[in-house]
Amino acid sequence: MEIPASSPILLFDSGLGGLSVLSALRKTLPEAPVIYAADTAGLPYGEKSEAEIAARVAGLLGRMSERYDPRLICIACNTASTIALGMVRDVLHVPIVGTVPAIKPAAALTKTGTIGLLGTAATIRQRYVDDLEAQFAQDKRLIRHAAPELVGAAEAKLRGQVPDAGVFDRAIAGMKAKADGAEIDTVVLACTHFPLVQAELAAQMAAGVQFIDGSDGIARRIASLTQGQSFERNRADQAVVTGAVDEHLAEALAPYGIGGVSRF
Ligand code: DGL
């Protein structure tokens, strides 16, 4: 059955982090209609248990899939993907693209063999990350560091506030203080919120340290899975959120081409 040209791609995150993926998607598929969905009532996922995250993500994506009938769902959240991707794929009959830490490309880039990985507390403890490390970085050192404060800092920045500079310093200093941390030459931003504050993080590291995230790879994957499909946006893209809607949220979304936001 042919997919209607107006059928959306649903991008899902706990908050505004998925906008880093949306930016990459816009460059690759500028005509694709998008629904940006954020579980803002559940933010931050990184401090929740696996069971709670899995239940929220599976429940919400099931309901959103029924309501919006998307052609594809992208879980634009490392925490949700590393915990619930397999489960969501088992229950929904729509292609699901996940966002997982970019350990493979980082392993190809590092010269010192030491990679830093910044993520949420829930992401860095996942078996999914152990498996990526075993598969792609067995001969490297992967230094995992939880930086939960960066989620709030990215949310604040996008809402037009100035995040406390100490947050960036603490995240980088904490990672570098771990064994071999001084050798890090490549940092994986393993949370979709973190590329939104990459400049602030880079200012805390030596020049030449590379930051890498999965957004371009995800956009390419979505393009490949939708190859041959037609796209037509017949109204401005919309966002739906599970929490409160205010004007700061609408202002944060507008630069990403989102013309309206409502409560899911
Ligand atoms: N953006 C999410 C991620 O990629 C996590 C933010 C949160 O803690 O909710 O992991």
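Keep in mind the model is a prediction, meaning the values are calculated, not measured. These values consider heavy atoms only, across backbone and side chains, with no hydrogens, waters or symmetry-generated copies.
- A side-chain donor-acceptor contact under 3.5 Å links D185 and T110.
- Side-chain atoms of L22 and I258, non-hydrogen and from C-beta on, do get closer than 4.5 Å to each other.
- Using a distance-only test at 3.5 Å, with no hydrogens or angles considered, a donor-acceptor pair links the side chain of S81 to the main chain of I75.
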Report the C-alpha separation of T123 and Y45 in whole Å, then their side-chain angles, then the decisive distance to 0.1 Å, and conclude whether the side chain to side chain contact (heavy atoms under 4.5 Å, CB included) test is met.
-> CA-CA 9 Å; T123 295; Y45 276 5; over 6 Å; no
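- The 12-atom threshold is not exceeded at NZ of K104, counting heavy atoms of other residues, nucleotides or ligands nearer than 6.0 Å.
- R263 places no side-chain N or O within 3.5 Å of a backbone atom of V241 that could act as its donor or acceptor partner.
- Under 3.5 Å, the side chains of D39 and T242 contain a donor-acceptor pair of N or O atoms.
- L11 and V240 fall into different hydrophobic clusters, where Ile, Leu, Val, Met, Phe, Trp and Tyr side chains are chained together by heavy-atom contacts under 4.5 Å.
- Under a hydrophobic-cluster definition in which Ile, Leu, Val, Met, Phe, Trp and Tyr are linked whenever side-chain heavy atoms come within less than 4.5 Å, directly or via other members, V245 and L60 are assigned to different clusters.
- Residues R125 and D130 are not paired through a salt bridge, judged by the lack of any N-O separation under 4.0 Å between the basic side chain and the carboxylate.
- Hydrophobic clustering (ILVMFWY, side-chain heavy atoms < 4.5 Å, transitive): V97 and F12 are in distinct clusters.
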Passes side chain to side chain contact (heavy atoms under 4.5 Å, CB included), S65 versus I73? Steps please.
-> CA-CA 8 Å; S65 180; I73 293 175; 4.3 Å; yes
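- One distance of note links CG of L150 with NE2 of H193; it measures 10.5 Å at 0.5 Å rounding.
- A salt bridge is absent between D216 and R220: the closest approach of a Lys/Arg side-chain nitrogen to an acidic carboxylate oxygen does not fall below 4.0 angstrom.
- Although no hydrogens or angles enter the test, the distance criterion places no donor-acceptor pair under 3.5 Å between the side chain of T226 and the main chain of Q229.
- Within a 6.0 Å sphere centred on CD of E66, heavy atoms belonging to other residues, nucleotides or ligands number 12 at most.
- Between atom OG1 of residue T112 and atom CG of residue D180 there is a gap of 9.5 Å, rounded to the nearest 0.5 Å.
- Of the inter-residue distances, the one linking L117 atom CG with I124 atom CD1 reads 7.5 Å to the nearest 0.5 angstrom.
- By the rule that hydrophobic residues join a cluster once side-chain heavy atoms approach within less than 4.5 Å of another member, Y36 and L158 end up as members of one cluster.
- Rounding to the nearest 0.5 Å places CG of L249 at 6.0 Å from CG of L16.
- Interatomic distance, L196 CG to Q198 CD, rounded to the nearest 0.5 Å: 10.0 Å.
- Of the candidates T82, L189, I212, T82 is the only one forming a side-chain contact (heavy atoms from CB on, under 4.5 Å) with P101.
- Using modelled atom types, one side-chain atom of S20 and one backbone atom of T192 make a donor-acceptor pair closer than 3.5 Å.
- To the nearest 0.5 angstrom, M175 atom CE is 8.5 Å from L201 atom CG.
- At least one cation-pi condition fails for R63 and Y68: the charged atom is not both under 6.0 angstrom from the six-membered ring centre and inside a 45 degree cone around its axis.
- Note on E133 versus K140: no salt bridge recorded, every NZ/NE/NH1/NH2 to OD/OE distance being 4.0 Å or above.
- No side-chain heavy atom of S6 sits less than 4.5 Å from a side-chain heavy atom of E232.
- A donor-acceptor pair is defined here as one N or O able to donate and one able to accept, closer than 3.5 Å; no such pair exists between the side chain of R71 and the backbone of I9.
- Ion pairing between a basic and an acidic side chain is recognised when a charged N comes within 4.0 Å of a carboxylate O; R26 and D237 show such pairing.
- Under the 4.0 Å criterion applied to side-chain N and carboxylate O atoms, R170 and E149 are assigned as salt-bridge partners.
- Side chain of S215 to main chain of V21: no donor-acceptor pair is present (N/O by atom type, distance under 3.5 Å, no hydrogens or angles).
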Run the side chain to side chain contact (heavy atoms under 4.5 Å, CB included) check on L225 and Q227 step by step: do they pass?
-> CA-CA 6 Å; L225 288 174; Q227 209 171 13; over 6 Å; no
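- T120 and T79 are linked by a side-chain donor-acceptor pair at a separation below 3.5 angstrom, with hydrogens and angles left out of the test.
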